[in-house]
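Read the structure below first, then the notes.
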Amino acid sequence: MTGDLFDALPDAPGEAQPLAEGAWLFPALARADAAALLAAIQTVVDAAPLRHMVTPGGHTMSVAMTNCGPLGWVSDARGYRYAPTDPHTGQPWPVMPDVLRKLSMHAAERAGYPGYEPDACLINRYAPGARMSLHQDKDERDAAAPIVSLSLGLPATFLFGGMTRADRPQRYRLAHGDVVVWGGPSRFVFHGVAPLARGHHPEVGDHRYNVTFRKVT
Ligand code: MD3
Ligand code: FE
């Protein structure tokens, strides 16, 4: 059905695994819905193209990004912020597709956060070599709400550190269909993604997508 490499991975979702206090990994939770999730991502990308944002420090990010939902994460010379419109098109971000929003609500509920209603959804696309350096996500005003992340396509090494940048990060593999809910004390840890190894995923191609759902306001 799929390529040799990926036949070795479980097709059915496994047990939830605790990664840290408040953080739960749901292996392959989204794998059965991957085709619908990828189609939804493509509708967003068609309306709000992926782009390489510039950091306030003047570096162009290696990860290509877009957003859907009421608010979108943007970075430029003025800083990081959530904005209701896409600076590229001047239009509101595309509506968050139901299949994406419902997946995030389901995963949050299973992790012990019922009633999750994300108002921002950031779509990251990694090409081989793309990475994300250690950072904290702290531009969201609602610190009680978790961040939910969905990984699709090529696997990545996720770096999960501590409360300071100096804490040596643990490494986790995030694969196609994996969903992680980061809440409680895990919400503000430093984290990042190691440079993506090249490869080919039978459903997604030569990229990794990561979709994060956030409750900003
Ligand atoms: C842990 N994205 O978009 S997703 C990001 O794979 C981001 O693209 C990574 O970090 C990616 O900000 C990691 C998992 C993730 C997202 C947010 C977190 C883990 C987190 C916030 C707090 C703690
Ligand atoms: Fe992050």
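All ligand and atom numbering here is 1-based and tracks the order in the structure.
- The closest approach between Q136 and ligand 1 stays at or above 4.0 Å for every heavy atom of the residue.
- At a 4.0 Å heavy-atom cut-off, ligand 1 touches R214 through the side chain alone.
- In the hydrophobic clustering of ILVMFWY residues, with side-chain heavy atoms under 4.5 Å counting as a link, L29 and V211 come out together.
- Among protein heavy atoms, the minimum distance from atom 4 (S) of ligand 1 is reached at N210 OD1, 3.3 Å.
- Near V193, the atoms of ligand 1 lying under 4.0 angstrom from a non-hydrogen atom of the residue are 6 (O), 9 (C), 11 (C).
- The NE2 atom of H191 and the NE2 atom of H135 subtend an angle of 90° at the Fe ion (ligand 2), given to the nearest 10 degrees.
- Cluster membership check: L19 shares its hydrophobic cluster with F158, using side-chain heavy-atom separations under 4.5 Å among Ile, Leu, Val, Met, Phe, Trp and Tyr.
- In terms of polar-atom proximity, S149 is not counted as a contact of ligand 1, lacking any N or O under 3.5 Å from an N or O of the ligand.
- Atoms of ligand 1 found under 4.0 Å from any heavy atom of L122, numbered from 1 in the order shown, are 3 (O).
- Contacts between M132 and ligand 1 below 4.0 angstrom, taking non-hydrogen atoms only, involve the side chain exclusively.
- When only interatomic distances are considered, the shortest N/O to N/O separation between W182 and ligand 1 does not fall below 3.5 Å.
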Stepwise, does the side-chain contact (heavy atoms from CB on, under 4.5 Å) test hold for V148 with L103?
-> CA-CA 9 Å; V148 176; L103 173 75; over 6 Å; no

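- A donor-acceptor pair is defined here as one N or O able to donate and one able to accept, closer than 3.5 Å; such a pair exists between the side chain of S75 and the backbone of V54.
- Interface atoms of ligand 1 facing S186, defined by a heavy-atom separation under 4.0 Å, are 22 (C), 23 (C).
- Atoms of ligand 1 lying under 4.0 Å from at least one heavy atom of T212, given by number and element, are 3 (O), 4 (S), 16 (C).
- Of the protein's non-hydrogen atoms, H191 CE1, 3.3 Å is the one closest to atom 21 (C) of ligand 1.
- Between W73 and ligand 1 there is no heavy-atom distance shorter than 4.0 Å.
- Residue contacts with ligand 1, taken as heavy atom pairs separated by less than 4.0 Å, do not involve A23 at all.
- When the shell of 6.0 Å around NE2 of H59 is examined, it contains 12 or fewer heavy atoms from other residues, nucleotides or ligands.
- Counting heavy atoms closer than 4.0 Å to ligand 1, residue R208 contributes side-chain atoms (C-beta onward) but none from N, CA, C or O.
- The environment of Q42 atom CD is dense: over 12 non-hydrogen atoms of other residues, nucleotides or ligands sit within 6.0 angstrom.
- Take the N/O/S atoms of D137: the one nearest the Fe ion (ligand 2) is OD1.
- Note on ring orientation: taking the six-membered ring where Trp is involved, the planes of H191 and W182 are parallel (angle under 30°, cut-offs 30° and 60°).
- Of the possible polar contacts, one joining the H135 side chain to the S133 backbone as a donor-acceptor pair under 3.5 Å is found.
- Tracing side-chain contacts under 4.5 Å through hydrophobic residues (I, L, V, M, F, W, Y), one reaches M132 starting from L196; they form part of the same cluster.
- Under 4.0 Å from ligand 1, the heavy atoms of F158 that appear belong solely to its side chain.
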Trace of the side-chain contact (heavy atoms from CB on, under 4.5 Å) decision for K215 with D119 = CA-CA 5 Å; K215 177 93 178 76; D119 56 9; 4.0 Å; yes

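- For D76 and R81, the salt-bridge test passes: some basic side-chain N is under 4.0 Å from an acidic carboxylate O.
- Y126 OH, 3.1 Å is the protein heavy atom nearest to atom 11 (C) of ligand 1.
- At least one N or O atom of N124 sits closer than 3.5 Å to an N or O atom of ligand 1.
- By the 4.0 Å heavy-atom criterion, V180 is excluded from the residues contacting ligand 1.
- Remark: the backbone N or O of A64 is not paired with any side-chain donor or acceptor of R51 at under 3.5 angstrom.
- Atoms of ligand 1 lying under 4.0 Å from at least one heavy atom of R187, given by number and element, are 21 (C), 22 (C), 23 (C).
- At a threshold of 4.0 Å, the pair D33-K102 does not count as salt-bridged, since none of the basic side-chain nitrogens sits closer than that to a carboxylate oxygen.
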